[in-house]
Colleague: 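Below: one structure in structure tokens.
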Amino acid sequence: MKKYFLYTLLGCVILSVLFSFENLNVENKGLKELTTFPIGTAVRVDQLQSDAKLKELQIHNFNSITAENDMKMYNVKPNEEEYNWEKVDKVIAYGDTNEQRIFGHTLIWHSGTPDWVEKKGRKDTLWLDNFLKTYIFEYVSRYKGKVDGWDVVNEAFDTKGGNYRKTLWYDVLGKEYIAKAFSYAHEADPAAKLFYNDFNIERDTAKLHAMLKMVNDLKNDNVPISGIGFQMHIRVDVPDEIIEYSLKKAVETGLQIHLSEVDIIFNKHDDSKNGGVQKYQELTEEMKIAQAEKYKNLVKMYKEIVPKNQQYGITFWGFTDRDTWVRSFFNIDDWPCLFDDNLEPKPAYYAFKEALN
Ligand code: G3I
């Protein structure tokens, strides 16, 4: 009896030592080590090269990158005469060196279109049609085998509701520009995964259903689309139920699902530049906990709803409050990321980690 008691005690001690080692292990692990799907972040490569602590955090936690701005049309084709590959090459070199998946963002996007294309394209339909083809073909071929997937078309629907956004591309070429863009990209790199990417589709059901109809039409027409990107710029009070519903609907397409630009804010905005409303002046402990809970739920929903073979990954739109796009874009103070202004992990980071694990 005494022997039995001693053995049990010994067993308990061994188990608890193992458990605390495992915990320590998880504590030291980066996000990327805790999951089977890639964990990405938007990056500004020049900044990473000049900020050692930021770079260390980036490499420790992420195994996928999306250039926040460096791969957009306004950078790649600043004028008619030349392609500027310099910034893109740097992104590719960074990803290669650090063994991270490279995601291309974005080929066709109204906000990424430089003024000279806008002006010329509005006057000359044939030219724009040809430019769409040449630009995509040259770009995707150049990085064939290097870029794993592309946001081929970004934000083709209005901010709210289910109408197509009236952009240069839509006005001049009709909605067929979307199918053409996917086909050209596929022709240039048949192995690349090709995404349609948009915002608010996790909470605006009219927009979600319009997007799904478009995606299903493309599939029925054998247009080579591989995935849907939910940008997932959300606020802490967006109900989980609506996100759950939207993910389930998207999963039904059978396509890859990418949470492509995740961040979670507190304040409100109207989706437009300088359109923020500063409701919260500072980040309190309660707010940190609420945000952590939301990050945790988001991972749980992704893991539970999206089948493994459709999980393209979760990508953050930056990982520090210090550098978030939200502040300059909406002209408000906010704290949407996993790390704070001093690059220290927030409760959100630990909650996200816990949910991954
Ligand atoms: O590079 C210039 C700099 O020279 C100048 O001094 C400065 C003054 O404003 O502007 C700098 O350019 C800014 C650029 O970011 C780089 O910081 C642009 O004004 C600014 O408009 C641009 O904003 C980016 C925006 O897309 C438009 O391209 C944001 O950083 C970027 O986070 C945001 O990302 C988008 C995704 O691509 C698509 N989904 C929504 C998401 C958030 O808006």
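The structure displayed is predicted, hence computed values, not measured ones. Because only heavy atoms are used, hydrogens play no part in the values below, and waters and symmetry mates are left out as well, while side chains stay in.
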Colleague: Measure centre to centre between the rings of F103 and Y312, then say whether the value is under 6.0 Å.
Modeller: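 For F103 and Y312, the ring centres are under 6.0 Å apart.
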
Colleague: For salt bridge (Lys or Arg N to Asp or Glu O under 4.0 Å), just list the numbers for R327 and D334, CA-CA rounded to whole Å, side-chain angles, deciding distance to a tenth of an Å, and then say yes or no.
Modeller: CA-CA 6 Å; R327 294 181 178 175; D334 211 297; over 6 Å; no

Colleague: Does the ring center of F319 lie less than 6.0 Å from the ring center of Y349?
Modeller: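 Centroid separation for F319 and Y349: 6.0 Å or greater.
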
Colleague: Shared ILVMFWY cluster between V147 and V140, side chains joined below 4.5 angstrom?
Modeller: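 As far as the 4.5 Å side-chain criterion goes, V140 and V147 are connected within one cluster.
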
Colleague: Indicate yes or no: does K288 engage D340 in a salt bridge with an N to O separation below 4.0 Å.
Modeller: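 Not counted as a salt bridge, because no side-chain N and carboxylate O are separated by less than 4.0 Å.
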
Colleague: Please check if I234 and I305 belong to a single hydrophobic cluster, counting links between Ile, Leu, Val, Met, Phe, Trp and Tyr side chain heavy atoms closer than 4.5 Å.
Modeller: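 Cluster IDs for I234 and I305 match.
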
Colleague: Does the ring center of W317 lie less than 6.0 Å from the ring center of H105?
Modeller: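 Centroid distance W317-H105: below 6.0 Å, so yes.
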
Colleague: Taking the six-membered ring for Trp, is the centroid-to-centroid distance between Y196 and W109 below 6.0 Å?
Modeller: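 So the answer is no for these two rings.
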
Colleague: Please confirm whether K120 makes a cation-pi placement over W127, using NZ or CZ under 6.0 Å from the six-membered ring centre and within 45° of the ring normal.
Modeller: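 K120 over W127 ring: yes.
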
Colleague: Where do E252 and K248 land on the salt bridge (Lys or Arg N to Asp or Glu O under 4.0 Å) test, with the steps shown first?
Modeller: CA-CA 7 Å; E252 285 171 12; K248 280 182 183 155; over 6 Å; no

Colleague: Can you check whether H269 and F330 have ring centres sitting under 6.0 Å from each other?
Modeller: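 For H269 and F330, the ring centres are under 6.0 Å apart.
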
Colleague: What do you reckon, is NZ of K55 surrounded by more than 12 foreign heavy atoms closer than 6.0 Å?
Modeller: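 Enclosed.
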
Colleague: For the CD atom on E82, are there more than 12 heavy atoms of other groups (residues, nucleotides or ligands in this structure) within a distance under 6.0 Å?
Modeller: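 Correct, the count exceeds 12.
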
Colleague: Does NZ belonging to K119 count more than 12 external heavy atoms closer than 6.0 Å?
Modeller: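 No, NZ of K119 has 12 or fewer neighbouring heavy atoms, counting only those of other groups under 6.0 Å.
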
Colleague: Side chain to side chain donor-acceptor pair (under 3.5 Å) with H258: which of N197, T66, T315, D151?
Modeller: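 It is T315; the other options fail the test.
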
Colleague: For K146 and D96: C-alpha separation, side-chain torsions, deciding distance, then whether salt bridge (Lys or Arg N to Asp or Glu O under 4.0 Å) applies.
Modeller: CA-CA 8 Å; K146 291 270 179 197; D96 279 352; 2.9 Å; yes

Colleague: Is the ring centre of Y139 less than 6.0 Å from the ring centre of W85?
Modeller: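 Between Y139 and W85, the centre distance is under 6.0 Å.
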
Colleague: Is the distance from the ring center of F199 to that of F157 below 6.0 Å?
Modeller: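 F199 vs F157: aromatic centres not under 6.0 Å.
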
Colleague: Test of understanding: with salt bridge (Lys or Arg N to Asp or Glu O under 4.0 Å), list the residues that count as partners of D124, not counting sequence neighbours.
Modeller: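 With sequence neighbours excluded, D124 shows a salt bridge (Lys or Arg N to Asp or Glu O under 4.0 Å) to no residue whatsoever.
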
Colleague: First locate atom CG of D171, then atom CG of L128, and finally report the distance between them rounded to the nearest 0.5 Å.
Modeller: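 If we round to the nearest 0.5 Å, D171:CG and L128:CG are 10.5 Å apart.
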
Colleague: Tell me whether the guanidinium CZ or amine NZ of K77 lies under 6.0 angstrom from the six-membered ring centre of Y83 and within 45° of its axis.
Modeller: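 Yes, K77 sits over the ring of Y83.
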
Colleague: For K53, look at atom NZ and say whether over 12 heavy atoms of other residues, nucleotides or ligands are found less than 6.0 Å away.
Modeller: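 Buried by this count: over 12 neighbours within 6.0 Å.
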
Colleague: For E56, does the CD atom sit with more than 12 other heavy atoms under 6.0 Å from it, leaving out its own atoms?
Modeller: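 Counting other residues, nucleotides and ligands, CD of E56 stays at 12 neighbours or fewer.
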
Colleague: In Å, rounded to the nearest 0.5 Å, how long is the span from CE of M211 to CG of N216?
Modeller: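 M211 atom CE to N216 atom CG measures 9.5 Å (nearest 0.5 Å).
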
Colleague: Does K219 NZ have over 12 foreign heavy atoms under 6.0 Å away?
Modeller: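 Atom NZ in K219 is crowded, with more than 12 foreign heavy atoms closer than 6.0 Å.
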
Colleague: Decide if atom NZ of K303 counts as having more than 12 heavy atoms of other residues, nucleotides or ligands within a radius under 6.0 Å.
Modeller: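 Yes - once you tally the heavy atoms of other residues, nucleotides and ligands closer than 6.0 Å, there are more than 12.
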
Colleague: Could you grab the distance from atom CG of D129 to atom CG of L173, nearest 0.5 Å is fine?
Modeller: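 Reported value, rounded in 0.5 Å steps: 5.0 Å.
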
Colleague: Check whether NZ of the Lys or CZ of the Arg K166 lies under 6.0 Å from the centre of the six-membered ring of Y170 and within 45 degrees of that ring's axis.
Modeller: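 K166 over Y170 ring: yes.
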
Colleague: Might you work through the ring pair (Phe, Tyr, Trp, His ring centres under 6.0 Å) test for Y135 and W169, ending with a clear yes or no?
Modeller: CA-CA 13 Å; Y135 177 76; W169 307 98; 8.3 Å; no

Colleague: Dump the intermediate steps for side chain to side chain contact (heavy atoms under 4.5 Å, CB included) on L212 and K249, then the final yes or no.
Modeller: CA-CA 8 Å; L212 290 173; K249 284 285 161 199; 3.6 Å; yes

Colleague: Taking only Lys NZ, Arg NE, NH1 and NH2, and the carboxylate oxygens of Asp or Glu, determine whether D321 and K346 approach each other closer than 4.0 Å.
Modeller: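 So D321 pairs with K346 through a salt bridge.
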
Colleague: Test K160 against D204 for salt bridge (Lys or Arg N to Asp or Glu O under 4.0 Å), laying out the working first.
Modeller: CA-CA 7 Å; K160 288 190 176 69; D204 178 339; over 6 Å; no

Colleague: For Y74, I'd like to know if atom OH has over 12 heavy atoms of other residues, nucleotides or ligands within 6.0 Å.
Modeller: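 It does: Y74 OH has more than 12 such atoms within range.
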
